[in-house]
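To find a chain, count down the sequence lines: A is the first, B the second, and so on, and within it residues start at 1.
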Amino acid sequence: EAQVTQNPRYLITVTGKKLTVTCSQNMNHEYMSWYRQDPGLGLRQIYYSMNVEVTDKGDVPEGYKVSRKEKRNFPLILESPSPNQTSLYFCASRPAGTRGYEQYFGPGTRLTVT
Amino acid sequence: RKEVEQDPGPFNVPEGATVAFNCTYSNSASQSFFWYRQDCRKEPKLLMSVYSSGNEDGRFTAQLNRASQYISLLIRDSKLSDSATYLCVVNTRYGGATNKLIFGTGTLLAVQP
């Protein structure tokens, strides 16, 4: 089954404790993104990657890191989480160069930082 | 001003009603347009693309007016299962070859029995 998977689905952590949210897709998509979704603000892009070893900042990259060492994986790293990073996070992927631009989203990770 | 604006709702409608959602976008360089559906606490999923000539998929009709930078979604004969948040999404090119999807904040639809 074609899908984007994220782990963990739920995470409660404390300020300053480094964490990684994993993302994996099995569709051989070139393009992957991370978004956060907050009430009243909608989905905002954190980082994106157009292919292996190619990453770039989105609209709200502060406090986050990513890496793309393999095509299928695109982990999101919070080196020192803070309460304002409490949010619902989605990983997404799509093929490169398609006008349709359908993005496939993972199921989401609900992160709470206390 | 937000790049993509939607009425947040909620729209509370009875089963069988026809409901219309509107969306405006600010960047005239926007190239393609979509409606996504998001169920509570779930991931967004593509509902339909929006074409200049207008397009229909069963009970759903999408329209695009490039001159007014306006997109609409019409749902006929609403079902309880249509209850969700509907996201207006616009694809815009920002220099070079970078395309970016901009998401509206969504319109909440609640269909009542």
Side-chain angles (χ1 to χ4, degrees), chain A residues 1-7 9-10 21 23 25 27 29-51 54-61 87-112, chain B residues 1-10 21 23-27 29-52 55 57 62 64 71 84-108:
Chain A
E1 181 192 352
Q3 60 182 352
V4 179
T5 57
Q6 293 179 230
N7 281 292
R9 296 287 314 280
Y10 303 91
V21 185
C23 173
Q25 50 96 1
M27 295 169 279
H29 287 166
E30 289 81 12
Y31 191 98
M32 298 184 76
S33 295
W34 275 103
Y35 295 87
R36 61 178 289 173
Q37 188 173 36
D38 302 289
L41 297 176
L43 280 158
R44 294 180 292 167
Q45 192 180 53
I46 302 170
Y47 268 94
Y48 66 94
S49 169
M50 297 182 76
N51 215 323
V54 181
T55 63
D56 209 345
K57 296 177 181 179
D59 298 314
V60 288
S87 188
L88 178 58
Y89 291 87
F90 289 104
C91 180
S93 74
R94 64 169 173 81
T98 55
R99 291 281 301 177
Y101 290 107
E102 177 177 0
Q103 285 213 125
Y104 295 83
F105 285 85
T109 295
R110 188 166 292 277
L111 172 66
T112 302
Chain B
R1 183 188 171 191
K2 292 179 182 172
E3 285 196 66
V4 177
E5 295 215 54
Q6 297 180 249
D7 182 338
F21 304 135
C23 169
T24 57
Y25 61 96
S26 60
N27 192 328
S30 298
Q31 300 178 313
S32 45
F33 310 89
F34 312 90
W35 285 101
Y36 276 68
R37 170 191 167 130
Q38 185 174 22
D39 293 303
C40 188
R41 299 178 183 274
K42 298 282 186 72
E43 71 272 25
K45 293 184 179 179
L46 180 67
L47 178 66
M48 58 196 303
S49 301
V50 187
Y51 304 118
S52 297
N55 49 299
D57 183 2
L64 168 64
I71 305 156
T85 297
Y86 291 83
L87 306 174
C88 175
V89 184
V90 172
N91 178 53
T92 303
R93 176 161 288 189
Y94 291 91
T98 303
N99 287 280
K100 185 175 178 181
L101 288 180
I102 308 295
F103 289 79
T105 53
T107 299
L108 178 61

Study note, to complete from the structure: The interface call for A:Leu41 against chain B, heavy-atom contacts under 4.5 Å, is backbone
Review point. For A:Phe105 and B:Glu43, which heavy atoms make the closest approach, and how far apart are they?
Key: CB-CB, 3.6 Å
Practice item. Under 4.5 Å heavy-atom distance to chain B, tell me which part of A:Tyr104 shows up: side chain, backbone, both or neither. Key: neither
Practice item. Examine whether an atom of B:Pro44 lies under 4.5 Å from a heavy atom of chain A, and if so say whether it belongs to the side chain, the backbone or both; otherwise answer neither. Key: both
Point to revise | Non-hydrogen atoms of A:Gln103 and B:Tyr36 that approach each other most closely | key: N-OH, 2.9 Å
Point to revise | B:Lys2 portion near chain A, given a 4.5 angstrom heavy-atom threshold | key: side chain
Exercise for review: Rounded to the nearest 0.5 Å, what's the gap from CG on B:Leu46 to CZ on A:Arg94? Could you check?
Suggested key: 13.0 Å
Point to revise | Considering all heavy atoms, the nearest A:Phe90-B:Lys42 contact | key: CZ-O, 3.5 Å
Review point. Measuring heavy-atom distances to chain B, does A:Arg44 have an atom under 4.5 Å in its side chain, in its backbone, in both, or in neither?
Key: neither
Practice item. Please state whether the side chain, the backbone, both or neither of B:Gln38 comes within less than 4.5 Å of a heavy atom of chain A. Key: side chain
